[in-house]
Enquirer: 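Questions regarding the structure given below will be posed in turn.
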Amino acid sequence: MGHGITSVLLVALGGALGGIGRFAISNAMAHALGKAFPWGTLCVNASGALLAGWLLGVYGVANTQSLWLFAVAGLLGGYTTVSSFSLQTLELWQRGQAIRAALNMVATLLLGIAMTALGWWLAQG
Amino acid sequence: MSINAYLAVGLGSAMGSVLRYSVSLASMVMLGTHFPWGTLLVNVLGSCLIGWLAATASRAPHGKLAHWQPLLVAGFCGGFTTFSLFSLETLHLAQQGSMGLALLYGIGSLPLCVFSAWMGERLAFSHPPAA
């Protein structure tokens with residue numbers, strides 16, 4: 001674990017940048033499309049999944065490489081989120097919008113898996 | 001949105017990401033790499049925390065917790081939980097031929113996280129509001 005500190009710093013730096021990117025995009029999407037549906041979180045998670053799939057296709061599973069730590073564990077990990085998705089789905093449900101809540105869940109899952117597969121496929125060239 | 005809010009989100013997300021990375025390393029050591037326990041754990045815990053934070057802040061809109069929302073909610077909870085790793089792991093399980101595990105993990109995770117957020121909310125409402 002000689003590179004322990006470096007690993008932690010790479011994850012922290014990536015996580016900070018990813019979080020700020022998510023916050024900016026979520027705010028911009030909420031401003032542009034309103035808050036009736038959590039478009040921002042869906043968009044962030046779908047685009048993050050695409051990039052993650054592409055990186056998996058290019059580099060394979062490499063848990064200790066610096067690039068992987070920074071880009072996947074840090075940047076994309078911090079950029080995408082499940083907590084906001086959970087809260088927003090719960091809020092839709094509690095506002096009596098069960099169909100939107102279910103749609104958000106299905107869309108997030110299907111889009112996430114499809115985008116990851118697409119990213120991976122694009123990387124195969 | 002003020003620059004301070006962005007800095008708070010960045011700081012919270014950095015801390016959340018490092019903690020997520022630690023949990024995932026610890027879970028690989030303790031529970032093996034056959035199933036992505038680490039990611040499932042951070043997503044369920046982070047969802048419970050965001051539910052608790054949102055409910056607690058809504059009961060005391062001018063309290064300390066509401067003031068720390070960018071750091072704690074968009075920052076820490078956002079960075080601690082991850083959707084990209086969840087997607088990657090689901091695809092990876094499927095590519096390895098573990099179709100049953102991929103389906104279980106893929107379809108089970110998100111409803112479990114929503115349920116966990118609800119539990120966090122219930123937990124907040126079961127205690128008197130914090131100062």
Side-chain angles (χ1 to χ4, degrees), chain A residues 7-9 11-20 22-24 26-27 41 44-46 48-53 55-56 61 63 69 72-91 93-94 101 104-106 108-109 111-117 119-120, chain B residues 1 5-7 9-18 20-22 24-25 28 33 39 42-51 53-54 70 73-88 90-92 94-95 106-107 109-118 120-121:
Chain A
S7 303
V8 167
L9 287 177
V11 173
L13 182 65
L17 294 174
I20 289 171
R22 166 169 43 77
F23 193 52
S26 299
N27 286 336
T41 305
V44 157
N45 282 340
L50 178 74
L51 279 169
L55 284 170
L56 178 73
V61 184
N63 288 316
L69 286 174
V72 178
L75 194 68
L76 292 177
Y79 177 64
T80 60
T81 178
V82 166
S83 54
S84 294
F85 156 82
S86 300
L87 184 64
Q88 288 156 345
T89 308
L90 182 66
E91 283 173 351
W93 176 272
Q94 289 175 334
N104 189 40
M105 187 143 15
V106 172
T108 298
L109 180 63
L111 208 55
I113 304 295
M115 290 303 243
T116 311
W120 182 83
Chain B
M1 226 25 97
Y6 278 92
L7 288 177
V9 169
L11 182 66
S13 183
M15 294 192 294
S17 296
V18 168
R20 164 168 46 75
Y21 177 60
S22 314
S24 102
L25 286 184
M28 280 194 263
T33 52
T39 305
V42 296
N43 284 340
V44 167
L45 283 179
S47 296
C48 183
L49 182 63
I50 205 173
L53 284 169
V73 174
F76 182 82
C77 289
F80 186 55
T81 61
T82 176
F83 182 75
S84 50
L85 285 177
F86 157 76
S87 307
L88 272 188
T90 307
L91 184 72
H92 189 63
Q95 284 179 336
I107 295 172
S109 280
L110 296 184
L112 192 64
C113 289
V114 176
F115 177 74
S116 181
W118 181 70
E121 196 180 70

Enquirer: Using side chain to side chain donor-acceptor pair (under 3.5 Å), reason through S83(A) and S47(B) one step at a time and then give a plain yes or no.
Expert: CA-CA 4 Å; S83(A) 54; S47(B) 296; 6.0 Å; no
Enquirer: With chain B as the partner, which of A101(A), A49(A), G112(A), G48(A) has the greatest number of non-hydrogen pairs under 4.5 Å?
Expert: G112(A)
Enquirer: Please round to the nearest 0.5 Å and tell me the distance separating atom CD1 of I50(B) and atom OG1 of T81(A).
Expert: 6.0 Å
Enquirer: How long is the straight-line distance from OG of S13(B) back to CG of L75(A), given to the nearest 0.5 Å?
Expert: 9.5 Å
Enquirer: Top residue by heavy-atom pair count (under 4.5 Å) with chain A, among S87(B), A74(B), G79(B)?
Expert: S87(B)
Enquirer: Measuring from atom CG of N43(B) to atom CZ of F85(A), what distance do you get when rounded to the nearest 0.5 angstrom?
Expert: 10.0 Å
Enquirer: Could you tell me the separation between the CH2 atom of W118(B) and the CD atom of E91(A), rounded to the nearest 0.5 Å?
Expert: 15.5 Å
Enquirer: Under 4.5 Å heavy-atom distance to chain B, tell me which part of W93(A) shows up: side chain, backbone, both or neither.
Expert: neither
Enquirer: Using a cut-off of under 4.5 Å for heavy-atom pairs, which of V9(B), L7(B), T90(B) has the most such pairs with chain A?
Expert: V9(B)
Enquirer: Could you give the distance from OG1 (T116(A)) to CG (L91(B)), rounded to the nearest 0.5 Å?
Expert: 6.5 Å
Enquirer: Pick from L85(B), T82(B), L45(B): which one has the most heavy-atom pairs with chain A under 4.5 Å?
Expert: T82(B)
Enquirer: Flag the one option from V106(A), L9(A), V82(A) with the top tally of heavy-atom pairs under 4.5 Å to chain B.
Expert: V82(A)
Enquirer: When rounded to the nearest 0.5 angstrom, what is the spacing between CG in L88(B) and CG in L56(A)?
Expert: 5.5 Å
Enquirer: Heavy-atom distances under 4.5 Å only: say whether T108(A) touches chain B with side chain, backbone, both or neither.
Expert: both
Enquirer: If you count heavy-atom pairs under 4.5 Å between each of A117(B), G78(B), C113(B) and chain A, which one has the most?
Expert: G78(B)
Enquirer: Need one label for Q94(A): side chain, backbone, both or neither, based on atoms under 4.5 Å from any heavy atom in chain B.
Expert: side chain
Enquirer: Which heavy atom of F83(B) sits nearest to which heavy atom of T80(A), and what is that distance?
Expert: N-OG1, 3.0 Å
Enquirer: Heavy-atom pairs under 4.5 Å with chain A: which of G75(B), G46(B), S24(B), G106(B) has the most?
Expert: G106(B)
Enquirer: Counting C-beta onward and ignoring hydrogens, is there a side-chain heavy-atom pair between L109(A) and F86(B) closer than 4.5 Å?
Expert: yes
Enquirer: Heavy-atom pairs under 4.5 Å with chain B are the metric here; pick the option from S84(A), G77(A), A52(A) that has the most.
Expert: G77(A)
Enquirer: Counting only non-hydrogen atoms closer than 4.5 Å, does A24(A) touch chain B with its backbone (N, CA, C, O), its side chain (CB onward), both, or neither?
Expert: both
Enquirer: Can you tell which of S17(B), P111(B), S84(B) has the highest number of heavy-atom pairs within less than 4.5 Å of chain A?
Expert: S84(B)
